[in-house]
Structure formats: structure tokens, C-alpha cells
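Presented below is the structure to which this report refers.
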Amino acid sequence: MPEDFIRIEKEIQKFWQERGIFKTNPNPRKKYYVLVMFPYPSGDLHIGHSRNYTIGDTVMRFKKMRGYDVLHPFGWDAFGLPAENAAIIHGIHPEIWTKENIEISKKHLMDLGIGYDWDSEVTSCEPEYYRWNQYFFIKFYERGLAYRKESYVNWCPNCQTVLANEQVKDGHCWRSTCNAIVEKRKLTQWYFRITDYAQRLLDGLKELKDWPESVKIMQENWIGRSEGVEVYFTLEDGTKVPIFTTRPDTLYGVTFMALAPDAPLAETIAQGTSQEKLVRDYINEALKKSEVDRTGIETEKTGVFTGRYAINPINNERIPVYIADFVLASYGTGMIMAVPGHDQRDFEFAQKYNIPIKVVINPPGEKLDPKTMSCAYVDEGVMVNSGPFDGLNNLEGIKRITKYLEEKGLGKRTVNYRLKDWLISRQRYWGTPIPMIHCEHCGIVPVPEKDLPVLLPKTVKDYQPKGKSVLAGVPEFINTTCPKCGGKAQRDPDTMDTFVDSSWYFLRYTDPKNDKMPFDPKKANQWMPIDEYIGGIEHATGHLIYFRFFTKVLYDMGMLNVDEPCKVLHTHGMVKLNGITMSSSKRHGIWLGDFLKEHGADVCKLAVLFSAPPEKEIDWTNEMVIGVSRFLSRIRALYEQHKPIFDIIPNIQEHITNKPDERRLYIRLNQTIKKVIDDSERIQYNTAIAALMEFLNDLTGFENKQSQLFQHALGVMLRLLAPFAPHIAEHLWLKHSGKKHSIFEETLPEPDPNALSFETITIPIQIQGKLRSKIDVAIDTPEEEIKQLALNDEKVKKYTEGKTIKKIIYVPKRLINIVIS
RNA sequence: GCCGGGAUGGCGGAACAUGGUAGACGCAAGGGACUUAAAAUCCCUCGGUCGUUUUCGACUGUGCCGGUUCGAUUCCGGCUCCCGGCACCA
């Protein structure tokens, strides 16, 4: 790109700003909400970031040119650990560090010419924003959706804070720069009761027709619904120990039970038995292990007998109870019935500890012997050793035993989910303070709404958490009075998970300045749902579940008319460099500042859009830049040499001559309009740009450049190009059209439906399915005539001579296939 | 282990929701034009093998094996490899 163009891009950006091209219409007639996931302000942006924004920008410009009133806002997910780490390492206040980064990133976005409505910019670390996190927290609390409980939680020893389940990847901290092995700690923490919405989150997926199948499946697995029965076992002393099973048909095969070492009952169950000390030691050992050690693939199951027995309610058998590390406290009831004959895990455990194996299901036509079994039998079969249920197919057995248990009051049908409640407390500084007060007399009391926001104190000396919250060490923050009794009380020292911020920011964009409410429902409902949401796939089971959850709660609160936030989701692939994902924190990437200085914004946009379809990842090479640079140079040269007609000529088809090349160009023009529009609607920008390149080749090769048709085509082409190369299109538009308004205030022309195919088409002729010849025919040639033409074709004759023609298959306008014997 | 997705020229990728000329568009490569020269630009060639060797023709070719079909990159069955997600969920 010639150097002067970098300067021109700046002028164009200024023109857009001054003209307010991207301002949101507060009263949209035909609304379109396009949103990119708001980023963490990491300072210098790289090409990987630009992909996200470029796709959003192209959607916005395209939709705008198709007559929509578009909302295309931007903001910053500004709370979080990197700011705090910078404070710890460099002694800069997190707020200053964050704001400096925002300025840098924002400049890059401006230089890229992304068309945001900056009036609706939202920054989550501002009290004007986070006070509403606190507002929602209290609303959730009032509805029973925010609660505190003590349990074993994921603890990152490096970040010195707890993590939500969604933030633990393979037993390691999710943050790419941390990656520490996550430990278990027993703590009292705040949770959002997302499990109350498990079923609705699952059901809602069915409505999301335009979400990628992969994301929906990931969420479905994450929610993990499974249907079964809760069966009421009891210990010999009468203690109730219900268990969950999906296989009630194996109830007669239970030979032991197992309790999770971190389940509450595990602490007391062995008291007074000879096993007491062994059990205590085992639990201590088991809890010391990290999740990785405990659940790794190769890990052998361990356990210890508790000295206690339970009674199997279906046959009153006496069943030994173990504590075993393969049982999870957090799923079901934290205790299981174990059937070694028909569950592989139970089988392995039973073998190791010499527990009997009992067969209650035989494979069809076979008889299993527990002594010779090498693994559990888990498939369908015939029930045996199961009292009145013998001889049944086990699938039928599931139904019959379930019914029996319910009738006798020995159990009930239950559904279990793998989804856990969302742990939102963090022991860090740079986040939203939890608006709760702990009073000796009144217990936990929410901060009254009129006292919000609870401001994050700025006078912190030491940001390094030491196993407890940073804010606990700030007396002027922590000490307060109880809103109920007026006595001395303390604030909650924790801050919220930053995923709370991103769970509703898309609503704030619809009403960003409101200081009475988080948003006016009228305004939100005007724009919701999001019509096109663009972001990385890495949020599939985190943010993309959380924001659905929030939307459903707000729907229940009467604040929204929709209970799904977003109709269409497009997840794009990462951008890599030398096979490694570009990353700000790892300082690995092609930096936007450098790139823009060298190539300009349009080249950046086109290169990112053209090199691969959006969902695929890109391994960046400089070759990707060369092709699109040439394309833009050729465009520029064409428009410098030949003057377009800038106004769309309504009946251009009446003005063109019957010369074949004019007919051809006219049809190519309409094919291009159709292809660019269709592909853009599907966000297949790589092929849309390819179509523009093809048409440029057509234009360059066209003889009569003085003709009205040619000049008209140039005018149309410029509009089609505008969403992809906005600066150059705008520049050529303003410079040569003499118009004062932006090309983005123009609309895209529709293709002429009568000019989408050529009058003469080439029909390939196959013989036995192999291509042998081609004939050119008029498009309306009758089938019989085409068949005759094919049979008379010289090359065809060579193959058909002396053979019998069995049949001729003609696919209209596509091909002809002759079958001979 | 379970659940997804994928595999097409030297490379990025088209075509495959509806089976119908595989390789659009671009990069790289080779040749040519312009130029004192270079850059830039423009034109031509470009899956492989073989044959005539000019225009052309034959065979083969979309990870592998098989099937359905007049016809399969596209559908079905069975594999191999890659990339994601989940991971003792009872």
C-alpha cells in the first residue's frame, strides 16, 4: 500500500467521527445488535485481537448498508488479576495500569477504523458499572440465588484465591500465565445457585438454532443431566445414607458402599470402631492430594473400610461401607452403592480389596462366573439373583425396580446434574466488593440499595494476598456498622469473580449512562436479543453459560422479555504465529501498532478475513498480506483511471447493448452482488472477498471502459467492497463522487433475478460417469434436443459406436450422462 | 475412555445443508513482456503419471478399505491420523 494511504485512512476515520456515522439510533425501526465479546484491556493489541473486532465491524457495516439500525458497542472487562499483578510487581495502582492499557488498546482500535459507538463505552471497573453488580448480587440474594456455604473449593496457590469449576482446566489454574496445580481448601464462600437453572439452561439450547453445534454439545455435557433413582440405604444405627444410581437394575448386586473422603459424613462415620484411626489417616492423606493426583488417568483407586455396615433396602443385606477416593463429594449424595459385577470402577476397587463380586445380569444366552470375570459386564442382559425380578431384561428391570422402590417408599426418581453452583468469591483486590455485612447480632445483612456502591478502597498498600482477602487488611473498608441494628460490623472482604461483570454488560450497552437502574428494561428490550455475537470458542462453558443464566434470572425478575441473550453466535478460531497462539501476556504475536504503520487498516482487515473462514484457526504468515495488498492497489488504480457512475442506475438492463461481452459483464455483476450478499449473511467473508477479486478480474478484462454499464458496475462494486475495505471505499467514494455523505449511508443494491445465469451454458457430457465432452447450448434448449446434440457429438460417438445406449440421464442445466452397455 | 470436529495441489483455502465438470480466489513456483538494470506492473503455465509432444489425448487423483449409485470430496459401514471438549459423574 502506498504510504500516503496511511494518512488517508486517518482522514477517513476523522470524517466518520465528525459525521457520527456509527452513532446508535435511539429509536431503531429495524434493529440489529452486533456484539463482540468485550476484552480484557491488555494494552498492545495483536493481529489475533483484530480478528474479533474486524469480523464484528464487517457485520456492522454490511448490516448498516442493508438498511438496519445497528447497535455496535464496545467496552472493557477491566477487573482482573493482570492489573493486580502489575501493581504487585511494578508498584503501579491497578486502576492506573488498567486505564493506561485501555488508552493504548483504544488507540489501536481507532487506527484500525473499527466503527464503534464510543458513546456507549462501558468499563467494568468504574463504580458506575460495578455498583450494578452489587445491585444484582443483592437481588439474587433476595431470591435465594446467592448464598454462602462451607465446602472444599478449588484453590490456586499461586493466585492465592479460589476458582470456579469453570476456571479449572485439567486440574490447573485456567489463567495461561499461571497454570499452577489447583488445591482443595475448606472455605466458606459465596455461590450463585446456577444449578436451579440447570434444566432451563439445557432446554434453552434447543432454541439456539444458530449457535455452533459444538458449543451446544459442550454446554450440554457441562450441564450433564442424568436420570436415575435415589435409593434410601441406612446405616445399622439408623443413619440415613441415600445414594444416587442410574442402574437400579443392579441393586441386588451391591456388595459394598463407598463414601467420598471430603463428604461431611466421612469425618464421623468411623467414630467408635476399631477402624477409626485408619480412617482418619486415610482422609487426611486423601485431602492432601491435588485434583490432578487424585483424578489422573493412571491413578489407582484407594480406600479404607470404615467398620460400619449399611442395609440394602431391597433385600436387607448387610453391606460394608468404605471410604474411597474415586467417589466425588460434590456429585449425587457423595456416597455410592457399588456393584463390582456391573461397574468397571467398582470392579477394580473390589478386586484390590477382595470384596465379593456378584453377578445380577447375564449377557443374552451366556452365564457369567464372578471368579473368571476380567472386567465388569456393563451391557444389556437378563437379570438373575434378583429375587422377583429374575428373568427380566435389565432395561425393563430399571423401570420395574424404580416403580417398586417408589411404591415401597424405599427410593424416588431423581435427576442429577454435573453442573455445580457458581462460586463467585475471590480473595483478590481488583474486583467488585461483595455488598454484604457480617454483624455479630444480625448475621449476614445486605448493604441497603441506597448505600450502593460499596466503593473499592484505593488506599491499599499491599496487593499480595496471603491466603485471605486483601480487603480484610484495610480497616477503613472492612469496619462498618450494621444497617439493621447499628452495631459494629464488618464488610465481606471478598470481591466477585469478573465473570459476573461480563454476564450482563451487553444489557448495559443499551442504556450505558443510566444512574437509576442497571438498564431501562424498555431500552434493553428494544435491542435484545443480540442478533450476532462474536467471540472466541474458549468461552463455551464459562461466559457463554453464565450470560445465559443471568438473562434467565433477569427474565424471571421481569426486567427482560427474552430469556436467551443471543440468537446467533459465531465463534472464531485463534490466530497463531509459528504454531503458537498469539498472546499479549506472553508477548507473542504480530503487533497491531507496527502492522498498521506498515500496511494500513484495510490490508489488516482483508488479510484476516480472506485467509481462512472465521471458525478456523489461522497460522499467520506474511504471504497473507501480499495478495490483499495487490488487490487493493489494483482497485485503487482502476478507480483512478476510470470514472464510475456513483448513483445506482435503476434500470441499467435497459441501457446495455446486446454485445455478448456487455451481456456477460452484466450477468457477472449480478452474480457477484448475490454471492457477496449471500456469503456475508453467513459470515463467510473469505469467499465473499474472493468473489470481489473475481469481479475485479472481469472489470479489468472488459473492453469498453467508456460504456455506461462498466461505469455503473464500478459504482456497485465500490459499495460491495465497502464493508471489507472501508477506508479505501470511502476514500474513492468521497474523492470521485463529489458527494458529502458517507458510502455507509448508501444501501447495497439487490441483484437482478433475471440476470443470474448466462444465456448459453456449457453442458458436460459424461459416459459411464466419466467426463468425455462438453457442448454449449442455449439455456432454454429442450431436453430432447440436448440429448440429440450430445449423441451427435464427435467425441461421444467414438465411445458409443457399436454399443447399446441403456439410458441417458439429464440433470437440467448441469450435465448429461450416457450409460452404455 | 466418552463426546464433538476435521483430513482436498508446494501452501491458505473453494465446491459438499440439495451427490452432478474437483481444485474458485489468493500465495508460492516456472516462463515471457516492459526496463540500461532492479522494483513495480502486465501476460502465460501450474494435482500426478504417461503418450502424441502443437491445439490434444489416456490413465490416475479429495487420509485408508469396502458399499450404495448412471455418477461419491459429498451418502452408508469399517479403520488410521490430527485438533478440541469432558474426564472415576455412580
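The sequence lines fix the lettering, A, B, ..., with proteins before strands; numbering per chain opens at 1.
Residue A:K813 is out of contact with every strand shown, counting any heavy-atom pair closer than 4.0 Å. Within 4.0 Å (heavy atoms only), A:K770 reaches sugar-phosphate atoms of the nucleic acid but no base atom. As judged by a 4.0 angstrom heavy-atom cut-off over every strand, A:K616 is placed among residues touching the sugar-phosphate backbone only. Among the protein residues, A:N686 comes within range of the sugar-phosphate backbone only, with heavy atoms under 4.0 Å from sugar or phosphate atoms but none that close to a base. If you check every strand for non-hydrogen atoms under 4.0 Å, A:R418 touches a base. In this structure, A:F233 reaches neither bases nor backbone, as no heavy-atom distance under 4.0 Å exists between it and the strands shown. Across all strands, A:R772 comes closer than 4.0 Å only to sugar-phosphate atoms, never to a base (heavy-atom distances). Residue-level contact check: A:F631 touches neither bases nor backbone, having no heavy atom under 4.0 Å from any strand. Looking at heavy-atom distances under 4.0 Å, A:K675 makes no contact with the nucleic acid at all. No engagement by A:D346 is indicated, since no non-hydrogen atom pair under 4.0 Å with the nucleic acid exists.
The interatomic distance linking A:K787 (NZ) with B:C70 (P) rounds to 15 Å, in whole Å. The separation between A:K420 atom NZ and B:A87 atom C1' is 12 Å, rounded to whole Å. Going from atom CG of A:L771 over to atom P of B:G61 covers 15 Å, rounded to whole Å. Distance, A:L692 CG to B:A14 C1': 15 Å, rounded to whole Å. Straight-line distance from the CZ atom of A:R630 to the C1' atom of B:C25: 14 Å, rounded to whole Å.
Nucleotide B:G1 has B:C86 as its partner under the Watson-Crick or G-U criteria, with both atom distances under 3.5 Å. Nucleotide B:A29: paired with B:U45 (Watson-Crick or G-U wobble, both distances less than 3.5 Å). B:U52: no Watson-Crick or G-U partner with both key distances under 3.5 Å is found in any strand. Judged by Watson-Crick or G-U wobble contacts below 3.5 Å, the nucleotide B:C81 has B:G6 as its partner. Base pairing of B:G20: its partner is B:C70, meeting the Watson-Crick or G-U wobble criterion (both donor-acceptor distances under 3.5 Å).
A residue-by-residue look at A:I618 and A:S214 shows that A:S214 has its nearest nucleotide of RNA chain B further toward the 5' end.
A donor-acceptor contact closer than 3.5 angstrom is absent between the side chains of A:Y152 and A:S330. No side-chain N or O of A:Y252 forms a donor-acceptor pair with one of A:E317 less than 3.5 Å apart.
Of the residues in residues 216-230 of chain A, those with a non-hydrogen atom less than 4.0 angstrom from any atom of RNA chain B are A:I217, A:M218, A:N221, A:W222, A:S226.
Using a 30° and 60° split on the angle between ring planes, A:F326 and A:F349 fall in the tilted class, from 30° to 60°.
In the interface, the side chain of A:Q766 is paired with the base of B:G20 through a donor and an acceptor atom under 3.5 Å apart. Remark: the A:K807 side chain and the B:C70 base include no donor-acceptor N/O pair separated by less than 3.5 Å.
Candidate nucleotides B:C70, B:C88, B:A14 were compared by shortest atom distance to the side chain of A:N817, and B:C70 ranks first.
Under the 90° criterion around 0 for the glycosidic angle, B:G66 counts as anti.
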